[in-house]
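Shown next, in structure tokens, is the structure this report addresses.
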Amino acid sequence: MPLDQVKTLPTNLPYTPQIAEEMAPLYDKVKSVIPPMEWPVFAPLIHAINLLKVERNAVILAHNYQTPEIFHGVADIVGDSLKLAREAAKVDADVIVQCGVHFMAETAKLLNPNTTVLLPDTRAGCSLAESITAQDVRDLRVKYPGVPVVTYVNTSAAVKAECDICCTSSNAVQVVESLGAERVLLVPDEFLAQNVNAQTDVEVLAFSGRCEVHERFTGQEIRDYRAGHQGLKVIAHPECPPEVLAEADFSGSTAGMIQWVQDHQPEKVMMVTECSMSDNVAVENPNVEFVRPCNLCPHMKKITLQNILQALQYNRHEVLIDPVIAAPARRSVERMIALSS
Ligand code: 13P
Ligand code: SF4
């Protein structure tokens, strides 16, 4: 339906008996992670978003770090950065609402340029994406002539445009090895580069970017949690410092971590990553006890049911990419997708 015919709704909607009844099966699913006091606020918003989504022929993509009311309530597709990129390319709709951060919305736009891509809050950035500029990459090329540059997907389109190929946390080793080079630059995440370097014979050169959520974990913290929780399994994201990965039973992308819990069904597990993910995974794994060191990503948390509803009502905020940047940036992402499909 065209936007001018979509009726606008207030974002403080009433929790009517009809909505309570319709939404009861969903609340039954998420009640272990959403307190009863919050549900009367969330339920009418979820109901309205799901109706408006159909009216606007929209698809909602949500990263694994989104809060449970978004992840379980309104998302059509959930996943890690790689899955969201792959799925964005396949979306056949008028609108994609990206419930994640800005670089994820840009990646969706690169891969599906004819679809309107909306990011509900423009403040949803990323400390890694902000740590490097296109000029930094040009300077690195001068400093390391002939060394291929791999860029983590957590970067702006302008940075992707300067690089040879993109990677995510789930395929970084594969991408680095695919280049057939002895030395490769992997930017901007210093810890990801060090962790990949430990898993390959290729020499992986790092930049100085860090994730403000994952850099805070320490090896000592993991040892302390293990001492306090007998039999605890620890799984960590590769944006953590190497000393944290050295203490972990498994390391992988957010999707890899979720798969590990599903496959192993540990009695007790600690996911060393952004903490909303444990809530989302707990819903599907009722027999697993989650120990939660709570580091929240302030950027991911900018996305709310209220601003998702407003995104659909007012078509905001549309993500656009300068075509001069978009063409080479798209090439970097498409090379990665071709490699890992
Ligand atoms: P994943 O690709 O593993 O989902 O990671 C994205 C991210 O931003 C982690 O902080
Ligand atoms: Fe960026 Fe870290 Fe937030 Fe992921 S968790 S979006 S890397 S700041």
Side-chain angles (χ1 to χ4, degrees), residues 61-67 70-71 75 77-88 98-108 111 119-132 150-156 159-160 166-175 186-196 199 206-217 235-241 244-245 248 250-261 271-281 292-303 333 336-337 340:
L61 304 185
H63 185 260
N64 292 325
Y65 292 163
Q66 291 296 298
T67 48
I70 296 173
F71 188 92
I77 296 164
V78 295
D80 65 358
S81 310
L82 182 61
K83 180 172 172 199
L84 294 180
R86 279 204 189 117
E87 295 294 329
Q98 180 73 59
C99 299
V101 292
H102 187 259
F103 76 81
M104 294 177 177
E106 269 195 341
T107 307
L111 294 171
L119 180 66
D121 190 321
T122 50
R123 294 169 303 168
C126 168
S127 66
L128 278 171
E130 265 134 51
S131 69
I132 190 162
V150 178
T151 179
Y152 194 31
V153 72
N154 298 40
T155 45
S156 65
V159 167
K160 289 184 178 80
C166 195
C167 78
T168 75
S169 57
S170 69
N171 59 18
V173 175
Q174 185 195 9
V175 168
L186 172 52
V187 300
D189 188 349
E190 182 180 359
F191 293 145
L192 179 73
Q194 289 169 1
N195 290 326
V196 170
Q199 293 176 58
F207 188 70
S208 56
R210 290 185 180 184
C211 161
E212 67 190 82
V213 176
H214 292 90
E215 70 171 344
R216 294 187 354 233
F217 295 108
I235 59 178
H237 194 275
E239 290 169 14
C240 293
V244 170
L245 264 62
F250 172 78
S251 147
S253 77
T254 56
M257 295 169 83
I258 294 171
Q259 192 65 50
W260 193 94
V261 172
M271 296 181 124
V272 187
T273 190
E274 210 273 349
C275 75
S276 286
M277 197 166 95
S278 293
D279 286 344
N280 294 333
V281 188
R292 295 171 166 85
C294 206
N295 287 359
L296 280 172
C297 172
H299 311 288
M300 289 278 180
K301 300 289 101 91
K302 293 282 189 297
I303 310 298
V333 182
M336 168 189 79
I337 302 269
S340 56

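Note that ligands are numbered from 1 as they come in the structure, with each ligand's atoms numbered from 1 the same way. Quick note: residue numbers are just sequence positions, from 1.
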Spacing of Ile303 atom CD1 and Arg123 atom CZ [to the nearest 0.5 Å]: 9.5 Å
May I have the step-by-step check of disulfide (SG to SG under 2.5 Å) for Cys211 and Cys126, ending in yes or no? CA-CA 8 Å; Cys211 161; Cys126 168; over 6 Å; no
Between the OG atom in Ser127 and the CD atom in Glu215, the distance rounded to the nearest 0.5 Å is 7.0 Å
Note, Phe103 side chain near Thr155 side chain (heavy atom, < 4.5 Å): no
Thr122 vs His102, test: side chain to side chain donor-acceptor pair (under 3.5 Å). Steps then yes/no. CA-CA 7 Å; Thr122 50; His102 187 259; over 6 Å; no
How long is the gap from NE2 on His63 to OG on Ser81, to the nearest 0.5 Å? 4.5 Å
If you leave out waters, which protein N, O or S atoms are less than 2.8 Å from atom 2 (Fe) of ligand 2? Cys211 SG
Non-hydrogen side-chain atoms of Asp121 and His299 separated by less than 4.5 Å: no
Between the OG atom in Ser251 and the NE2 atom in His237, the distance rounded to the nearest 0.5 Å is 8.0 Å
Could you walk me through whether Asn295 and Glu274 satisfy the side-chain contact (heavy atoms from CB on, under 4.5 Å) test, starting with their C-alpha distance in whole Å, then the side-chain angles of each, then the deciding distance to 0.1 Å, before giving a yes or no? CA-CA 5 Å; Asn295 287 359; Glu274 210 273 349; over 6 Å; no
Which protein residues come within less than 4.0 angstrom of ligand 1, counting heavy atoms only? His63, Tyr65, Asp80, Ser81, Asn154, Ser169, His214, His237, Glu239, Ser253, Thr254
